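Report on the structure given below.
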Amino acid sequence: MTERVPVLQIGQVLLVSIQIDLDDQSVLALQDDLAAKVVESGAHGVVIDITALDIVDSFVGRMLATVASLSRLLDAQTVVVGMRPAVAITLVELGLSLGGVRTALTLEKGLKVLERAHVASWGASGPAGAVPNTAAGR
């Protein structure tokens, strides 16, 4: 039986905390679960917390990029949080720049990145005369 990575909803943001070793089946299940949850919830952001990952390989790096692309296609921004220095070094050594994937050191900072991005995009395309609440981003 494949272990599933939980996808939790916090307001308009989905939190994916990777606490298990990922194999092909668990990644495919995560992609399916996350896509369904983004559509179902209308979330504007996805935070992927990799704090528990001590090491990564090219498979995990590609998975992060794929999940971010999938979320973006479904109108949700993605931020990867909790990356350890050794993980960042490994990704660079593997040639995986994770283009298009935003990162933040902590969950709190990641949520702020998503909030700022959402306010900026909502302000640019929101209803005429509407003023977004920016107090949350301060």
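Here the structure is a predicted model, which means the values were calculated and not measured. Sequential numbering from 1 along the given sequence is applied to the chain's residues.
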Pairwise distance CG(Leu107) to NZ(Lys112) - rounded to 0.5 angstrom: 11.5 Å
Are the side chains of Leu91 and Met83 in touch, meaning some heavy atoms are under 4.5 Å apart? yes
Using the rule that two of Ile, Leu, Val, Met, Phe, Trp, Tyr join whenever any of their side-chain heavy atoms come within less than 4.5 Å, decide whether Val80 and Val92 are in one cluster. no
In this structure, would Val56 and Ile20 fall into the same cluster of hydrophobic residues linked by side-chain contacts under 4.5 Å? yes
Shortest non-hydrogen contact between Phe59 and Leu22, atoms and distance: CE2-O, 3.8 Å
Which distance, rounded to the nearest 0.5 Å, do you find between the CD of Glu115 and the NE2 of His44? 5.5 Å
Please name all residues satisfying side-chain hydrogen bond (donor to acceptor under 3.5 Å, both in side chains) with Thr106, sequence neighbours left out, ordered by chain then number. none
Just wondering, do Val5 and Asp33 contact through their side chains at under 4.5 Å, heavy atoms? no
Side-chain heavy atoms of Val7 within contact of Val38, under 4.5 Å: no
Which heavy atom of Thr103 sits nearest to which heavy atom of Val79, and what is that distance? C-CG1, 4.0 Å
Pick one: which of Leu64, Val60, Val16, Val81 meets side-chain contact (heavy atoms from CB on, under 4.5 Å) with Ile50? Leu64
When you measure from the side chain of Gln9 to the backbone N and O of Gly11, does any donor-acceptor pair fall under 3.5 Å? yes
Do Thr78 and Arg102 come close enough that some side-chain heavy atom pair is under 4.5 Å? no
Side-chain touch Val67/Gln31, heavy atoms, less than 4.5 angstrom: yes
Looking only at heavy atoms, which two atoms of Ala76 and Gly45 are closest? And how far apart? CB-N, 4.0 Å
Same hydrophobic cluster for Leu14 and Val39, using side-chain heavy-atom links shorter than 4.5 Å among ILVMFWY? yes
Looking at CG of Leu111 and CG of Leu15, how far apart are the two atoms once the value is rounded to the nearest 0.5 Å? 7.5 Å
Residue pairs passing the side chain to side chain donor-acceptor pair (under 3.5 Å) test with at least one member in residues 10-23, sequence neighbours excluded, are Ser17-Gln19, Asp23-Ser26
Flag side-chain contact, heavy atom, 4.5 Å: Ile89 against Val87: no
Specify the closest pair of heavy atoms between Leu34 and Ser71, including all atoms of both residues, with the distance to one decimal. CD2-OG, 3.8 Å
Answer yes if Leu74 and Met63 sit in the same cluster of Ile, Leu, Val, Met, Phe, Trp and Tyr residues linked by side chain heavy atoms under 4.5 Å apart, and no otherwise. yes
Using the rule that Ile, Leu, Val, Met, Phe, Trp and Tyr join whenever any side-chain heavy atoms are under 4.5 Å apart, tell me whether Val113 and Val101 fall into a single cluster. no
Less than 4.5 Å apart, side chain to side chain, heavy atoms only: is that true for Asp54 and Arg84? yes
Check Ser58 against Leu96 and note the closest heavy-atom contact, atom names and distance. CA-CD1, 3.6 Å
Distance, nearest 0.5 Å, that separates CD1 of Ile18 from CG of Leu53: 5.5 Å
In chain order, what residues pass the side chain to side chain contact (heavy atoms under 4.5 Å, CB included) check against Ala65, with sequence neighbours excluded? Leu98
Looking at CG of Asp32 and CG of Leu30, how far apart are the two atoms once the value is rounded to the nearest 0.5 Å? 9.0 Å
